[in-house]
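Proteins get letters first, then strands, A, B, ... in listed order; numbering begins at 1 in each. Quick caveat, the model's predicted, so the values are computed rather than measured.
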There are 2 protein chains.
Amino acid sequence: MNVVPDPPPHAVRRPRRASILDVAALAGVSASTVSRSLRGHSSISAATRQRVHEAAQQLSYSASPQASGLASGRTLTIGVVVPFVTRWFFVNVVAGAYEVLHEAGYDVLLYHLGTGEARDRFFERMPLSRRVDAVLTLTVPLTEEHTLALRALDMPLVTVGAALPGVSCVRIDDVGATRTAVHHLLHQGHEDIVMITGVEDEADFGFASSRCRREGYREAMEAAGLGSRIDVVSAATYGIEGGAAAMAALMDRPTLPTAVVAEYDELAIGAIRTLRRASIAVPGRMSVIGVDGHEMASVVDLTTVAQPVQEQGAVAARMLLDTLADAEASPTEVVLPTRLTVRGSTGTPWSRPSN
Amino acid sequence: MNVVPDPPPHAVRRPRRASILDVAALAGVSASTVSRSLRGHSSISAATRQRVHEAAQQLSYSASPQASGLASGRTLTIGVVVPFVTRWFFVNVVAGAYEVLHEAGYDVLLYHLGTGEARDRFFERMPLSRRVDAVLTLTVPLTEEHTLALRALDMPLVTVGAALPGVSCVRIDDVGATRTAVHHLLHQGHEDIVMITGVEDEADFGFASSRCRREGYREAMEAAGLGSRIDVVSAATYGIEGGAAAMAALMDRPTLPTAVVAEYDELAIGAIRTLRRASIAVPGRMSVIGVDGHEMASVVDLTTVAQPVQEQGAVAARMLLDTLADAEASPTEVVLPTRLTVRGSTGTPWSRPSN
DNA sequence: TTGAAAGCGCTAACAC
DNA sequence: GTGTTAGCGCTTTCAA
């Protein structure tokens with residue numbers, strides 16, 4: 001008398017899904033034919049393909065990504081690596097990339113890189129390793145070691161925001177962006193222009209875009225003969241609160257500048273909040289300009305140098321797909337244009353009332 | 001003479017990664033021992049484990065998720081399904097969930113549900129099918145059909161924001177939240193209170209939270225004997241612009257209410273922008289209150305009923321992990337508390353100047 | 001145009 | 001404690 005063996009534990013709960021063999025049986029063909037039909041190989045007769053599709057439909061069959069991945073070496077998944085999951089810029093780039101990737105049949109595996117040790121651990125364990133076909137990284141400040149780890153994956157790689165040597169990249173001209181911002185202020189007559197930047201990494205090693213934006217400010221100031229006035233304040237924390245605190249610090253000084261360029265809009269918005277609370281008129285007493293084109297800029301009437309955000313994600317995703325299809329594409333760099341959006345937070349400089 | 005066969009095409013480029021057999025050979029044990037050691041099975045002698053770990057390290061081996069998934073039935077991946085990738089609430093819930101899941105060794109596969117047809121297609125093709133061990137859905141307004149499709153996956157499922165019958169859920173008391181908001185206004189003496197809500201779906205079928213928040217407004221108004229004053233304006237589009245437009249519509253009417261409750265902060269912020277541009281004093285001429293505790297609320301000095309956002313994601317993720325570990329947990333519902341944050345956008349009602 | 005057979009790289013049941 | 005043996009569910013040669 002045969003004892004029916006218990007099914008293995010993981011099969012206990014799930015009702016067994018149709019496998020490729022079930023479809024093959026129902027369609028009266030072999031598994032390979034099913035596989036080929038369903039993936040649209042041209043070498044299958046119309047009639048066979050028809051039957052296979054019907055059988056698959058009837059059993060609501062779809063191939064196990066695990067199994068087909070194992071067999072084919074493809075995962076149909078793209079890894080997207082972001083330094084912060086919640087920040088406006090990253091979220092929108094991811095959104096732009098997602099649409100394109102999804103459309104092309106790829107899934108998106110999201111990786112949040114923390115900072116410091118968490119980041120090191122990430123690159124050590126490299127969870128991307130066999131899970132994805134390609135990687136999209138967003139302006140991640142990378143050490144050489146990290147870059148090497150990414151390279152070692154030996155798969156298509158595109159970055160958004162930061163140019164890595166030898167890696168395809170989509171970005172804006174960050175130097176030009178702040179230069180534009182400063183020019184706008186200069187045109188209005190400002191000379192006393194301070195820059196507020198984001199957190200300076202302990203490792204003195206911030207976002208590439210951060211460095212570039214500082215650089216743009218410097219260049220523009222020097223070109224205007226205001227090199228001696230260059231003055232950069234860095235925030236102690238990210239986002240709005242960082243900008244708010246930086247402005248508070250600025251206000252502790254004996255004299256106020258007439259204008260401030262913020263590295264990115266969230267800092268500018270925080271700065272404006274502080275100014276409002278202190279009843280310092282914007283732009284009457286101080287002009288404020290940002291960079292990004294943040295969704296909330298219109299609410300505080302912030303003048304800003306806007307960048308296409310979702311589009312950067314979309315373009316990057318397309319480049320990735322091209323490389324995946326082509327295999328031998330050489331690294332490209334795409335620089336998308338920015339646009340000065342003038343609103344009410346900038347105006348002619350305040351001048352000391354001539355008593 | 002034997003011809004060395006060409007490697008299959010997908011192996012051409014990638015340098016072959018160490019497999020479990022390489023590690024086994026180097027450590028002088030069998031593959032199963034390697035597998036068990038590396039996954040921390042207790043039945044392995046310390047000495048063996050030690051050797052295996054060293055060998056693995058030396059070959060920088062880590063198991064192929066594809067293969068181990070196929071063999072074990074686990075993917076170590078959680079699917080997170082969001083209706084919008086870019087909205088503040090969702091982004092923050094995802095961030096909260098991500099940390100917990102990542103910590104527990106799970107990867108996160110992100111799915112953006114569009115609207116309309118895209119959404120239907122999602123549930124038909126059900127890309128989650130064999131890719132994940134469990135699913136987290138964020139306040140997705142689901143038809144019965146969609147719900148069934150999710151159920152059919154037969155895997156742990158937790159929703160954030162919307163209670164689905166028989167499904168574990170983390171949320172706030174949405175009815176209570178707007179009730180609190182209205183009470184705040186009532187206490188200040190307002191009677192003429194209009195509610196601004198988000199887009200009404202064509203299918204008359206919005207977010208559950210949206211319905212509840214409307215309900216809270218209604219209840220509070222009726223309880224105050226102001227049932228006849230109930231007045232709900234719905235925005236034609238999402239987010240700030242929706243709120244801005246809704247307020248503009250309100251201003252086209254012959255008379256203005258003295259206060260507005262917005263279904264969520266982004267609407268309130270848009271409304272305030274419109275009021276500012278029209279130089280209508282807030283709260284002098286009109287009070288505005290929102291619900292969410294949006295990061296930007298402080299910038300426009302918005303009074304709001306704040307909810308814990310990242311925490312909802314974190315709690316949901318933990319519930320998922322518990323179910324994954326336990327298998328037989330029954331559906332639970334966790335309701336997190338909200339907190340009224342009073343700022344400067346609400347005050348005593350404007351009264352017609354008594355000529 | 002199709003089928004048979006050999007893996008892909010791992011885990012788990014079962015033996016010892 | 002550890003090894004042996006079967007798969008997991010596909011894709012891809014290779015042969016017909």
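As a whole-Å value, the separation of B:Ile20 CD1 from C:dC10 C1' is 6 Å. For the pair B:Arg17 CZ and C:dC8 C1', the interatomic distance rounds to 15 Å; values are reported in whole Å. What separates NE2 of A:His41 from P of D:dT13 is a distance of 10 Å, to the nearest Å. For the pair A:Leu70 CG and C:dC8 P, the computed distance is 9 Å after rounding to whole Å. The nearest whole Å value for the distance from the CD atom in A:Gln66 to the P atom in D:dC10 is 11 Å. When rounded to the nearest whole Å, the span between CG of B:Leu76 and C1' of C:dC10 equals 13 Å. At whole-Å resolution of the value, CG in A:Asp22 and P in D:dC10 are 9 Å apart. In this structure, the CG atom of B:Leu38 is 14 Å from the P atom of D:dT2, given to the nearest Å.
Dashed line: the shortest gap from a side-chain N or O of A:Ser45 to OP1 or OP2 of C:dT1 is not under 4.0 Å. Residue A:Ser35 has no polar side-chain atom (N or O) positioned under 4.0 Å from OP1 or OP2 of D:dC10. Within the structure, a side-chain polar atom (N or O) of B:Arg74 is placed less than 4.0 Å from OP1 or OP2 of C:dA12. Look at A:Arg39 and you won't find any side-chain N or O under 4.0 angstrom from OP1 or OP2 of D:dC10. Of the side-chain N and O atoms in A:Ser64, none sit less than 4.0 angstrom from OP1 or OP2 of D:dG9. The side chain of B:Thr48 places an N or O atom within less than 4.0 Å of a non-bridging phosphate oxygen (OP1 or OP2) of D:dT2.
Taking the six-membered ring where the residue is Trp, B:Phe122 and B:Tyr111 present perpendicular rings, their angle passing 60° and hence far from 30°. The aromatic rings of A:His112 and B:Tyr98 lie tilted to each other, with the angle between the two planes from 30° to 60°.
When only modelled atom types and interatomic distance are considered, B:Arg17 and B:Ser64 share no side-chain donor-acceptor pair under 3.5 Å. For the 3.5 Å distance criterion, the side chains of A:Gln50 and A:Glu54 qualify, holding a donor opposite an acceptor.
Checking C:dC10, D:dT4, D:dG9 against the side-chain heavy atoms of A:Ala71 singles out D:dG9 as nearest. Distance from the side chain of A:Ser68 is smallest to D:dT11 among D:dT11, C:dG9, C:dT11. Checking C:dC8, D:dT2, C:dT2 against the side-chain heavy atoms of B:Ser43 singles out D:dT2 as nearest.
Nucleic acid contact class of B:Ser32 (heavy atoms, under 4.0 Å, all strands): base.
Considering only heavy atoms from C-beta on, A:Thr77 stays 4.5 Å or farther from A:Arg131 through its side chain.
Both B:Ala67 and B:Arg36 lie close to DNA chain D; mapped to their nearest nucleotides by heavy-atom distance, the more 5′-ward contact belongs to B:Arg36.
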